[in-house]
Amino acid sequence: MMLLHLAVVALVVALCGGVYGWLTYERLGRDAEHQALAIARSVAATDDVRAAVADLADAGPDELAPGVLAGGPLQSSAEEVRARTEALFVVVTDDEGLRLSHPNPALLGERVSTDPSEALAGHEVTSQERGTLGHSARAKVPVHAPGSDTTVVGAVSVGISREDVLSTLRSDITPVAATAVGALGLGAAASTAIARRLKRLTLGLEPEEITALVQDQEAVLRGVDEGVIGVSAQHRITVFNREAGRLLGVAEPTRLVGLPLETAGLPDCVPALLAAATPASPAVEQVVGPHVLILSARAVRPAGTGLPELGWVVLVRDRTELQSLTRQLDAVGALSTALRAQRHEFANRLHTISGLLGIGEVEEARRYVAEVTETGPLTYPAEQAELLRDPYLQAFLGAKSVEAAERGVSLRIGAETLVRGQVVDPQDVTTVIGNLVDNAVRAAVQGSAAERWVEVELLDDWSGGEGTLHLVVADSGDGLPLEETEPIFAQGWSTASGPGPTQDGAPRDGVAHDGAAVAGRAEAHGQGFGLSLSRELARRRGGDVWVADRGRPGGPGAVFCARLPGTVVRAPAPGTEAQGGAGAKRAGGAG
């Protein structure tokens, strides 16, 4: 690029210098013609020349011999003028174009080498022609007879040598040449400075390497399944691929390129990530719309030493699917825990039947089997579980009651529970119920009440045209010592160790709920994202999760409510009960 710049500068300087030199040469030529014309006019107007030319107009061959003309008055007068004006020649001719004076006496009496017809016709003529004495700028002026302005008896031709013109040109062109050389030197210095700056700005990369990098960047940014955000050292967004726009809910990602990071409308955790970016910086979990995202930032440094940082790269990964699988695994784990807990009860019943048969009490064994068949082979510790008709809710809350019983908490179903339909979206229902119940169990464990309990009430509602599941979860904890309960729904808040910032600098969930129960509610599912995720899922469906009562110290504790539209459908008609039961089992399996 430096050589190309130098070549352009040299070409422009040479072109401008050449054009200026040519114009100067043309101007000097015209000046020489005007000078020759002035001399010729002066000579032609002299009375002695007019008289001498008129006298020789009718002269014979002897009077026009070179030797005679060389000693005549015209020759001496013309040579005197030529010497005084430093002209190349001063030639006087008669009316036939024969030389009456000439710097070369041998050519006297001969016809001039250029056409004298214009001057002999009474016209003044200037031109640049080549004659016997070489190339010159010349002028031809008619010589009139004495006392007449119309009768032409001869002509005067004066020439200025081309060498004189070129010598004048050289003196005039020297400043131009010096200026051109200076401009070329300045251009070379500028080219060098520009080349060094470009090399610094491009980190020493050549244009071909930059092109390859751009192509690779486009291929990578369009091909990766993760969101990529590039931020310059000046905190301006330089890269924002389509996947990052999709995950963060930005309709036109390209419009953010070039904007300051603070005004781009990105989550507040992104600037904090950049401020704490190190090679070992932990990732941050963030709920944005329907997505659970993992964001991580890394500082970008050039390969060379001593160079400033280039900025940061923020990676945005979608954890929604993994979070969904995690919730499903939680549900499966809860059910398997319940089955393991009930295995002993099942074994004890078999031993009871075997003992009755062994001692011959067949009728008693038959009665016991009938009782077991009527009540079911397994029972959950959840009180009033028979109020739940949906098999999925029975299994899930039954499993939760087993976990609660292991921690010394009694899980009971509220007396006002009435679920006539069947759950059709077990994933969202699992998330909301599981988070609220787990947090309530933790609150009861950490509360000061002697009796530890958690009560769950569920009600389905069809007034809006779609099945809406209403949920109320209360506990025996110490309540929420917060006047404002909204902060506990903020993302990343946790009170696992009480109020204050977490280890990564993010704020915690305000203060402890139910004697640090907020810790359970905020961190049991997602480390500070359980309540936020539950509310997000509910609001996405048009529902909500909120605190109905903050509770009080000593119990009862806080009461959480949830509304989940579109999560239940009407129970099947009696003729399709078996089919409906199979569908419910499939729903439970999906959960």
Side-chain angles (χ1 to χ4, degrees), residues 27-165 168:
R27 179 181 58 80
L28 292 176
R30 289 192 297 272
D31 291 345
E33 292 177 7
H34 295 158
Q35 181 183 359
L37 180 60
I39 297 173
R41 285 174 177 173
S42 176
V43 173
T46 304
D47 293 337
D48 293 342
V49 173
R50 296 173 68 178
V53 174
D55 291 343
L56 293 175
D58 297 329
D62 294 337
E63 297 178 1
L64 297 177
V68 176
L69 293 175
L74 285 177
Q75 177 70 4
S76 60
S77 177
E79 286 301 304
E80 180 184 355
V81 172
R82 184 180 69 83
R84 188 173 63 250
T85 60
E86 297 182 351
L88 178 62
F89 60 85
V90 178
V91 176
V92 181
T93 66
D94 61 8
D95 56 356
E96 295 182 358
L98 299 178
R99 298 186 183 99
L100 302 180
S101 69
H102 194 276
N104 186 1
L107 299 178
L108 293 172
E110 298 181 1
R111 186 175 177 82
V112 293
S113 59
T114 57
D115 184 14
S117 58
E118 288 292 327
L120 295 177
H123 305 295
E124 294 180 348
V125 179
T126 60
S127 63
Q128 296 185 34
E129 297 178 307
R130 179 177 294 278
T132 56
L133 298 179
H135 194 280
S136 62
R138 59 187 66 192
K140 296 177 182 180
V141 177
V143 177
H144 296 93
S148 174
D149 292 335
T150 58
T151 303
V152 177
V153 295
V156 176
S157 178
V158 178
I160 304 299
S161 174
R162 181 184 180 186
E163 297 300 326
D164 294 340
V165 175
T168 305

Any side-chain heavy atom of S127 within less than 4.5 Å of one from E33? no
May I have the list of side-chain donor-acceptor pairs in residues 115-122 shorter than 3.5 Å, sequence neighbours left out?
| residue | atom | partner | partner atom | Å |
| --- | --- | --- | --- | --- |
| D115 | OD1 | S117 | N | 3.1 |
| D115 | OD1 | S117 | OG | 3.0 |
| D115 | OD2 | S117 | OG | 2.8 |

Spacing of L69 atom CG and L74 atom CG [to the nearest 0.5 Å]: 8.0 Å
Under 3.5 Å, which donor-acceptor pairs link side chains of residues 149-156 to any protein atom two or more places apart or in another chain?
| residue | atom | partner | partner atom | Å |
| --- | --- | --- | --- | --- |
| T150 | OG1 | S148 | OG | 3.4 |
| T151 | OG1 | S148 | OG | 3.3 |

A44 versus V141, closest heavy-atom pair with distance: CB-CG1, 3.9 Å
Which pairs would a plain distance check flag for residues 107-114, meaning a side-chain donor or acceptor within less than 3.5 Å of a matching protein atom at least two apart in sequence or in another chain?
| residue | atom | partner | partner atom | Å |
| --- | --- | --- | --- | --- |
| R111 | NH1 | E96 | O | 2.5 |
| T114 | OG1 | K140 | NZ | 2.6 |

Answer yes or no: is there a donor N or O on one side and an acceptor on the other, between the side chain of R50 and the main chain of A145, under 3.5 Å? yes
Once rounded to the nearest 0.5 Å, what's the spacing between atom CD1 of I160 and atom CD of Q128? 11.5 Å
So, do S136 and L88 sit near enough that their side-chain heavy atoms are less than 4.5 Å apart? yes
Should V81 and V43 be marked as a side chain to side chain contact (heavy atoms under 4.5 Å, CB included) after you check the CA-CA gap, both sets of side-chain angles, and the distance that decides it? CA-CA 8 Å; V81 172; V43 173; 3.8 Å; yes
Heavy-atom closest pair (R99 atom, T93 atom, distance to 0.1 Å) is CA-CG2, 4.2 Å
How long is the gap from OG1 on T85 to CD on Q35, to the nearest 0.5 Å? 7.0 Å
For the residue pair A40 and A139, what are the closest heavy atoms and their distance? CB-O, 4.1 Å
With the threshold set at 4.0 Å, does a side-chain nitrogen-carboxylate oxygen contact exist between E79 and R82? yes
Report yes if some heavy atom in the side chain of T126 is under 4.5 Å from a heavy atom in the side chain of R138; otherwise report no. no
